[in-house]
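Please read these numbers as outputs of a predicted model, since none were measured by experiment.
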Amino acid sequence: MGSRKKRILVMIKPKDSEDMLAGNFALGTPNEFRTALAKFNTAGDGGDTKRLSTMVLHGPGYTVEYAMGHDELMQAMVVVNNMDFAWPVLSKICKANGWKMQDTESGQIFG
């Protein structure tokens, strides 16, 4: 897995990690989600982080985007720019919060 190719992952919280058809729990409210990610050096860039009703948070080697205007977030998109930097942090985020990441190309579940 090269660290130069962008990779798109979807962050989710499955109800049953053995049965992906069981659906997902919410990741939390937007504020809870941002607070959870802030513990892992992932936050807005201090400027205008909103892009066409999407919030963008920046972490080491990746960005996290989610749709604004919802009471609870069911998923967030992770764009990995550098897998070497991003993977250890993303893995810790998932483990700490009971979340998983799904690769949009292969469908594989990680975390």
| Going from CD1 on Ile12 to CG on Leu27, what distance comes out if it is rounded to the nearest 0.5 angstrom? | 8.5 Å
| Approximate separation, where rounding is to 0.5 Å, of Leu57 CG and Phe33 CZ | 6.5 Å
| Is there a side-chain contact between Thr42 and Tyr62, using heavy atoms and a 4.5 Å cut-off? | yes
| What's the spacing between Arg7 CZ and Met101 CE if we round to 0.5 Å? | 8.5 Å
| message | Would you compute the distance between atom CD of Glu32 and atom CG of Asn97 and round it to the nearest 0.5 angstrom? | response | 10.5 Å
| remark: Tightest non-hydrogen contact, residues Gly61 and Ala86, listed as O-CB, 3.8 Å
| query | Of the non-hydrogen atoms in Gly111 and Cys94, which two are nearest, and what is the gap between them? | reply | CA-CB, 4.1 Å
Just list the side-chain donor-acceptor pairs under 3.5 Å for residues 66-75, sequence neighbours left out, or say none.
residue: Tyr66; atom: OH; partner: Arg34; partner atom: NH1; Å: 2.7

| Does Phe85 CZ have over 12 foreign heavy atoms under 6.0 Å away? | no
| Distance in Å, Asn24 CG paired with Lys13 NZ, rounded so as to fall on 0.5 Å steps | 10.5 Å
| note | In short, Pro88 meets Asp84 closest at the heavy-atom pair CD-O, 3.4 Å
| Rounded distance [0.5 Å steps], CG in Leu90 versus NZ in Lys95 | 15.0 Å
| task | Please report the C-alpha distance between Leu9 and Thr104 in whole Å, then the side-chain angles of each, then the deciding distance to 0.1 Å, and finally whether the side chain to side chain contact (heavy atoms under 4.5 Å, CB included) criterion is met. | result | CA-CA 6 Å; Leu9 305 170; Thr104 58; over 6 Å; no
| message | Please evaluate residues Lys92 and Phe40 with respect to the criterion side chain to side chain contact (heavy atoms under 4.5 Å, CB included), reporting the C-alpha separation (whole Å), side-chain torsions for both, the decisive distance (0.1 Å), and the verdict. | response | CA-CA 8 Å; Lys92 288 177 186 175; Phe40 297 91; 3.8 Å; yes
| Check: Gly107 main-chain N/O paired with Gln102 side-chain donor or acceptor under 3.5 Å | yes
| task | Determine whether Trp99 and Phe25 fall in the same hydrophobic cluster, where Ile, Leu, Val, Met, Phe, Trp and Tyr are linked whenever their side-chain heavy atoms lie under 4.5 Å apart. | result | no
| query | Can you find a pair of side-chain heavy atoms, one from Val89 and one from Asn41, that are under 4.5 Å apart? | reply | no
| request: Share the residues that join Met77 in a hydrophobic cluster, the rule being Ile, Leu, Val, Met, Phe, Trp or Tyr side chains under 4.5 Å apart at the heavy-atom level. | output: Ile8, Val79
